[in-house]
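Right, one structure below, let's go through it.
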Amino acid sequence: MTAKISYSDVEVGTELPAQTFPVTRETLVRYAGASGDFNPIHWNEKFAQEVGLPDVIAHGMFTMAEAIRVVTDWAGDPGAVLEYGVRFTKPVVVPNDDQGAVIEVAGKVAAKLDGNTVRVDLTATSAGQKVLGMSRAVVRLA
């Protein structure tokens, strides 16, 4: 696959379609099984609170993976992402109810680089708080 977005069709400031990602306790259990990360802060409310967290929290790598979906969906090819990094700023708190939590992600082309590449800056929030900082991806476009 190759990116479906043409380098010549984007400018600095081009906004990617924003997305929201629901997160429930079931989502966390499934992710734990797939990733092998069974840390009890991600599924055991009592344990999470004993270590000072407000409730169970989503895995940081899960949050990071959900955020980059905005870029891969926009580019049309996950292989177009050449670099990706974030700082974890706040946890995504996932209550044990029917709604869970929501991760809201927006992206914007922040720079046009050499070799048909762009830097995309992402903003990820949950419950009104920024959950990822310095969230940036370098993407090779068509």
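The first residue in the sequence is number 1, and the count goes up from there. Just the heavy atoms: all of them, side chains too, but no hydrogens, waters or symmetry mates, feed the values below.
- Between Ser6 atom OG and Asn116 atom CG the span is 7.0 Å, to the nearest 0.5 Å.
- Taking a 6.0 Å sphere around CZ of Arg140, one finds it holds 12 or fewer heavy atoms contributed by other residues, nucleotides or ligands.
- One hydrophobic cluster, built from ILVMFWY side chains closer than 4.5 Å, cannot hold both Met134 and Leu132; they sit in different ones.
- Considering every non-hydrogen atom in both Leu28 and Ile57, the closest pair reads CD1-O, 3.9 Å.
- Between Tyr31 and Phe62, the ring planes lie perpendicular to each other; the angle is over 60°, past the 30° to 60° tilted range.
- Screening residues 99-115 for salt bridge (Lys or Arg N to Asp or Glu O under 4.0 Å), with sequence neighbours left out, gives no hits.
- Residues Met61 and Val81 share a hydrophobic cluster, clusters being chains of Ile/Leu/Val/Met/Phe/Trp/Tyr side chains in contact below 4.5 Å.
- Residues Ile68 and Met64 fall within the same hydrophobic cluster, defined by Ile, Leu, Val, Met, Phe, Trp and Tyr side chains chained together at heavy-atom separations under 4.5 Å.
- Every residue two or more places apart in sequence or in another chain that forms a side-chain contact (heavy atoms from CB on, under 4.5 Å) with Ser126 is listed here: Val92, Ala101, Val131.
- A salt bridge links Arg25 with Glu45: the closest approach of a Lys/Arg side-chain nitrogen to an acidic carboxylate oxygen falls below 4.0 angstrom.
- Heavy-atom minimum distance, Ala67 versus Leu122: O-CD1, 3.8 Å.
- When all heavy atoms are compared, the tightest approach of Lys130 to Lys90 is O-CG, 3.3 Å.
- Within the 4.5 Å cutoff, the side chain of Thr117 has no heavy atoms near those of the Leu141 side chain.
- When the side chains of ILVMFWY residues are joined at heavy-atom separations under 4.5 Å, either directly or via intervening members, Val71 and Tyr84 end up in a single hydrophobic cluster.
- Minimum interatomic distance between Pro22 and Thr27 (heavy atoms only, all atoms of both residues): O-OG1, 4.4 Å.
- Each of Thr14, Val139, Asp121, Ile5 was scored for a side chain to side chain contact (heavy atoms under 4.5 Å, CB included) with Val109, with one residue passing: Thr14.
- In this structure, Ile103 and Val23 have side chains that are in contact, with non-hydrogen atoms separated by less than 4.5 Å.
- For the pair Gln19 and Asp73, the minimum side-chain heavy-atom distance is below 4.5 Å.
- The side-chain heavy atoms of Asp77 and Lys4, taken from C-beta on, include no pair separated by under 4.5 Å.
- Under the rule for a ring-ring contact (aromatic ring centres under 6.0 Å, His included), Phe21 has no partner lying at least two apart in sequence or in another chain.
- Under the 4.5 Å side-chain criterion, counting only non-hydrogen atoms from C-beta, Val29 is not in contact with Phe38.
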Applying side-chain contact (heavy atoms from CB on, under 4.5 Å) to Val138 and Val118, what does each step give before you reach the verdict? CA-CA 6 Å; Val138 175; Val118 295; over 6 Å; no

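- Judged by distance alone, with hydrogens and angles left aside, the side-chain atoms of His42 form no donor-acceptor pair with the main-chain N or O of Asp37 at under 3.5 Å.
- In this structure, Val93 and Val56 have side chains that are not in contact, with every pair of non-hydrogen atoms separated by 4.5 Å or more.
- Cluster membership check: Tyr7 shares its hydrophobic cluster with Leu16, using side-chain heavy-atom separations under 4.5 Å among Ile, Leu, Val, Met, Phe, Trp and Tyr.
- A distance of 11.0 Å separates CD of Gln99 from OG1 of Thr24, quoted to the nearest 0.5 Å.
- Between Val105 and Ala124, the shortest heavy-atom distance links the atoms CG2-CB, 4.2 Å.
- Judged purely by atom type and a 3.5 angstrom limit, Thr125 has no side-chain atom pairing as donor or acceptor with the backbone of Gly128.
- In this structure, the side chains of Val94 and Trp43 stay at 4.5 Å or more apart for every pair of heavy atoms.
- Looking at every heavy atom in both residues, Gly60 comes nearest to Phe88 through O-CE2, 3.1 Å.
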